[in-house]
Amino acid sequence: MISKENILAIAKKTILSESEAITKLIDFLDENFYEAVQRIYETKGRLIVTGIGKSAIIAQKMVATFNSTGTPSMFLHASEAIHGDLGMIQNEDIIICISKSGNSPEIKVLVPLLKRFGNTLIAMTGNITSFLAKGSDYVLNTTVEIEACPINLAPTNSTTAQLVMGDALAVCLMEMRDFKPEDFAIYHPGGALGKKLLLKVKDMIEHSLKPMVTPETSIKKAIFEISEKRLGVTAVIEDNKIIGIITDGDIRRMLNDVDTIADLTARDIMSKNPKLVSSETMAVDALNILEDFSITQLIVADNGEYKGVLHLHDILKEGIV
């Protein structure tokens, strides 16, 4: 049995080995990298990323990153390419071929076929004198001295180096495209991330009720309005303008202070100048307002026109928090 101390030591050694391997990639960034980025940025076609074995898995991750950050990409499995999938390649597409050795049988078959189409071919390899490197227009050097694997066989440092080089390409392209959070949201509309970047207040109150009373409404009727609409609040409207708000908290505090409510009206207990947001406000910004003022509801109004009530529960239900 290996002791706990030895297990932790092995894990630390692995992480350190991989971190050192990717740090050395900095020294491999040269004119080839610059030209590759420029060609990808300028192309009117797509970016095709291909590889085999573990490199194919890295290629798939790179494609996912490129697609989500504004660079249209497709994955081409090197072994499937020669069985019909080469048909996905179009004239202006740029191809990145990933291979640690650059000399595997599949790569030796594939490279001449790719060059036959006349597309720009970018090699990402750990062997800059390989068949792949010599047959490519640009070479991205991902050489590692040794794998973290104790028998120096399983791809570990090498695949991490490929992954990091792919991320470097993607980030450079993002900067060149001036890629913004709004752009990112377009490609990630689902889940909490997409909702944070896309969801607006109007999307959450479209079908909600609009509790409202006048300043002269009796407290009894105001309580009924709050209870019926189940939002814990009602707006106080006069001459089509929002002049106040009554919350269930206001009701509780009133009941503690008075013996009878018979002669009280909404005007007597309403809070003036309630916090307002427009329907175009981003949901995440509305959430920040709720948190800043320690409140649970916001009145929604556009140019003074009452649109409804946004409740904290509406935001929580969307999974933004």
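It should be emphasised that the depicted structure is a prediction, and the values quoted were computed from it without experimental measurement.
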Provide the closest heavy-atom pair for N127 versus A133 in the form atom of the first, atom of the second, distance.
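Smallest interatomic distance, heavy atoms only, reads O-CB, 3.7 Å.
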With a 6.0 Å cut-off (strictly less than), is the heavy-atom count around [atom1] of [X], excluding the residue itself, greater than 12?
X    : atom1 : answer
E42  : CD    : yes
D257 : CG    : yes
K229 : NZ    : yes
L163 : CG    : yes
K54  : NZ    : no

Please step through salt bridge (charged side-chain N to carboxylate O under 4.0 Å, His left out) for the pair K200 and D203, ending with a clear verdict.
CA-CA 5 Å; K200 294 183 178 182; D203 300 319; over 6 Å; no
Measure up the F75 and H77 rings against each other and bin them: parallel (under 30°), tilted (30 to 60°), perpendicular (over 60°).
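The rings of F75 and H77 stand perpendicular, inter-plane angle above 60°.
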As a quick check of understanding, evaluate side chain to side chain contact (heavy atoms under 4.5 Å, CB included) for K100 and Q162, giving each step before the final call.
CA-CA 9 Å; K100 178 187 176 181; Q162 294 167 356; 4.3 Å; yes
With no hydrogens and no angle check, just 3.5 Å: does a side-chain donor-acceptor pair link E147 and S158?
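Result is yes, a qualifying pair exists.
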If the test is side chain to side chain contact (heavy atoms under 4.5 Å, CB included), which one of T71, V37, V164 qualifies with L169?
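By the side chain to side chain contact (heavy atoms under 4.5 Å, CB included) criterion, L169 pairs with just one of T71, V37, V164: V37.
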Test Y138 against every option in Q38, M124, R39 by the side chain to side chain contact (heavy atoms under 4.5 Å, CB included) rule and name the one that passes.
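Only one option passes, and that is R39.
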Chi angles and distances behind the side chain to side chain contact (heavy atoms under 4.5 Å, CB included) call for K115, L121
CA-CA 7 Å; K115 294 302 294 180; L121 178 60; 4.0 Å; yes
Same cluster (ILVMFWY, side-chain, under 4.5 Å), I246 and Y306:
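They do not share one cluster, since no chain of ILVMFWY contacts under 4.5 Å joins I246 to Y306.
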Do D27 and K24 meet the salt-bridge criterion of a basic N to acidic O distance under 4.0 Å?
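Judged by the 4.0 Å cut-off on N to carboxylate O distance, K24 and D27 do not form a salt bridge.
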